[in-house]
Amino acid sequence: MSVAAVLVAAGRGERAGGGIPKQYRPVAGIPILERSLNALLAHQGIDRVIPVIHPDDHAHYDTIAARVSDNRLAVPVHGGSTRAESVQASLTALTTEEPTKVLIHDAARPFLSLAVIDRLIEALDRFDGAFPAIPVADALWRQDDGLIPVERDHLLRAQTPQAFRFEKIVEAHRMGDADATDDVAVALAAGLSVTPVAGEEANFKITHPEDFEKADRMAAPPPDIRTGIGYDVHAFEPGSSVTLCGVEIPHDRRLKGHSDADVAMHALTDAIYGALAEGDIGQWFPPSEAEWKGARSSLFLEHAMGRVADRGFRVSNFDVVIVAERPKIGPHAQAMRLRLAEITGVSMDRISVKATTSERLGFVGREEGIAAEAVATLVGT
Ligand code: CTP
Ligand code: MG
């Protein structure tokens, strides 16, 4: 028992416009025909794929075939002036192989899934033919002499591949007319048993110019989204102010540390390095090197933002939590968001700064120091 697939690609793509026939135009960088070819070859139950192309398109086709190394791919056959003629040409080419089942697929449907192929092959154990279909959900009207409602119950939109027991469809085509809309029409006219199976919206046919945009969106890789976490603690020492998120707040102590000891900005900077999996502040700016002694923490944050840009990311959002018993952070939170926005170039509505006390518990509760945590989420551009 064997399964063959025919990929009809001999059309001219008149409705799609745009120079070369639509099946050879790229969607997210890969030609549509290459995508539909690979969708068929991805199914291990398919033993042979017969492409049907226009005699003028060999150069386009050969470029794609050279990239597809799969010995199930047959040499292309030439199609005719109608889709039905193109299908017939492929069936004739297949007669020497005599597969048990054949799937006839439009090259213009690049998003065919393995699940749809599974359902079709399986249905052919019980029926002569099967095709993927989607029930019509919209209200339907026929515009004639006025508008006439069309009962949509039981109406189906047919997709491809349309699948058949090989001998039956060959016989049906022999009897059928070359102008039939599709192979299901040919099969039904010849009295074959045909069943719909569940189709998929994604398996749509690229037909009009605007369909390319939709296809590009569907084929685009999912965005690379990364989240990093940062945590830092600095102890108090005698002094008169603390600097948090770049804002100086009068206090009866200061934070001890190499630089300005901006514990909150350090946590945020480490969150960014974390999202990039690029270590932490200590690795980029070793405290052992005198150069960084007393450096403003904004220097570290600017560096981390430089890495974000260099690695091709943008910031989705920052969230910073300062854990301190005193001084009160709330009145300064807006100024902190503004300062972080100035340093990073990220808009304020993507930057959150909030604070909590530690309920007098632990080192924060005893006012021995301040802790800060931050989360940074980056999106690949
Ligand atoms: N097809 C074919 N031979 C034809 C006509 C169509 O192999 N003589 C193929 C197309 O290449 C396409 C599929 O049948 O993969 C579905 O047809 P359609 O979407 O109508 O494509 P085109 O005929 O190329 O487009 P248009 O009708 O807009 O010219
Ligand atoms: Mg057509």
Side-chain angles (χ1 to χ4, degrees), residues 4-27 30-41 46 48-65 68 73-94 102-113 116-117 120 129 131-134 157-164 169-170 173 176-187 199-215 218-219:
V6 166
L7 189 65
V8 282
R12 299 290 76 199
E14 306 275 349
R15 285 168 292 175
I20 65 170
K22 61 183 180 183
Q23 59 273 31
Y24 297 106
R25 287 170 57 189
V27 157
I30 298 173
I32 292 169
L33 184 141
E34 185 167 347
R35 290 181 177 275
S36 43
L37 199 53
N38 282 328
L40 291 169
L41 289 168
I46 292 177
R48 202 102 182 103
V49 176
I50 316 281
V52 184
I53 69 169
H54 191 280
D56 293 348
D57 292 345
H58 275 280
H60 294 310
Y61 177 78
D62 291 347
T63 313
I64 293 169
V68 180
L73 179 59
V75 288
V77 302
H78 287 164
S81 59
T82 65
R83 186 183 181 282
E85 282 176 30
S86 295
V87 171
Q88 265 163 1
S90 70
L91 295 180
T92 306
L94 270 172
V102 62
L103 275 59
I104 302 164
H105 188 51
D106 292 336
R109 296 181 189 268
F111 301 116
L112 171 63
S113 73
V116 167
I117 299 175
L120 292 166
F131 65 101
I134 296 183
R157 289 189 285 135
Q159 303 182 326
T160 73
Q162 299 190 337
F164 303 93
I169 195 67
V170 168
H173 267 278
D177 74 295
D179 296 330
T181 30
D182 62 6
D183 303 292
V184 168
V186 172
E200 291 176 357
E201 288 293 349
N203 186 29
F204 80 108
K205 181 160 69 77
I206 296 177
T207 305
H208 299 110
E210 60 271 22
D211 293 337
F212 284 86
E213 275 168 45
K214 176 177 166 186
M218 288 170 60

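First listed ligand is number 1; within each ligand, the first listed atom is number 1.
For R109 (side chain) and Q159 (main-chain N/O), no donor-acceptor pair under 3.5 Å exists by modelled atom type. For the pair D211 (side chain) and H208 (backbone), a donor-acceptor distance under 3.5 Å is present. In this structure a side-chain-to-backbone donor-acceptor pair under 3.5 Å is present from Q162 to D183.
For the ligand labelled ligand 1, residue S81 lies inside the 4.0 Å heavy-atom shell. Using a non-hydrogen distance threshold of 4.0 Å, K22 registers as a contact of ligand 1. At least one heavy atom of T82 sits closer than 4.0 Å to an atom of ligand 1.
Checked against V52 for a side-chain contact (heavy atoms from CB on, under 4.5 Å), the options L91, L7, V77 give a single hit: V77.
Atoms of ligand 1 lying under 4.0 Å from at least one heavy atom of S86, given by number and element, are 2 (C), 3 (N), 4 (C), 7 (O), 8 (N). Atom numbering of ligand 1 starts at 1 in the shown order; those under 4.0 Å from a heavy atom of Q23 are 11 (O). Counting atoms of ligand 1 from 1 in the listed order, those under 4.0 Å from a heavy atom of K205 are 16 (C), 18 (P), 19 (O), 20 (O). Near A107, meaning under 4.0 Å from one of its heavy atoms, ligand 1 places the atoms 15 (O).
Scanning G13, G11, S36, G80 for the heavy atom closest to atom 25 (O) of ligand 1 points to G13.
In this structure, NZ in K205 is found 11.0 Å from CD1 in I32, a value given to the nearest 0.5 Å. Separation of atoms CD1 (I104) and OG (S86) is listed at 11.0 Å; rounding is to 0.5 Å. The CD1 atom of I50 sits 11.0 Å away from the OG1 atom of T92 when rounded to the nearest 0.5 Å.
For atom 15 (O) of ligand 1, the nearest non-hydrogen atom of the protein is V8 O, 2.8 Å. Residue, atom and distance of the protein heavy atom nearest to atom 13 (C) of ligand 1 are D106 OD1, 3.3 Å. Of all protein heavy atoms, the one closest to atom 7 (O) of ligand 1 is A10 N, 2.8 Å. From the protein, the heavy atom lying nearest to atom 29 (O) of ligand 1 is E14 N, 2.7 Å.
The backbone and the side chain of R15 each have at least one atom closer than 4.0 Å to an atom of ligand 1 (non-hydrogen atoms only).
The side-chain heavy atoms of S113 and N203, taken from C-beta on, include no pair separated by under 4.5 Å. With a 4.5 Å cut-off on side-chain heavy atoms, V87 and V8 count as touching.
Among the atoms of T207, none of the N or O lies under 3.5 angstrom from an N or O of ligand 1. Close N/O approach between I206 and ligand 1 is not found [any backbone or side-chain N/O within under 3.5 Å].
Within a 6.0 Å sphere centred on CD of E210, heavy atoms belonging to other residues, nucleotides or ligands number more than 12.
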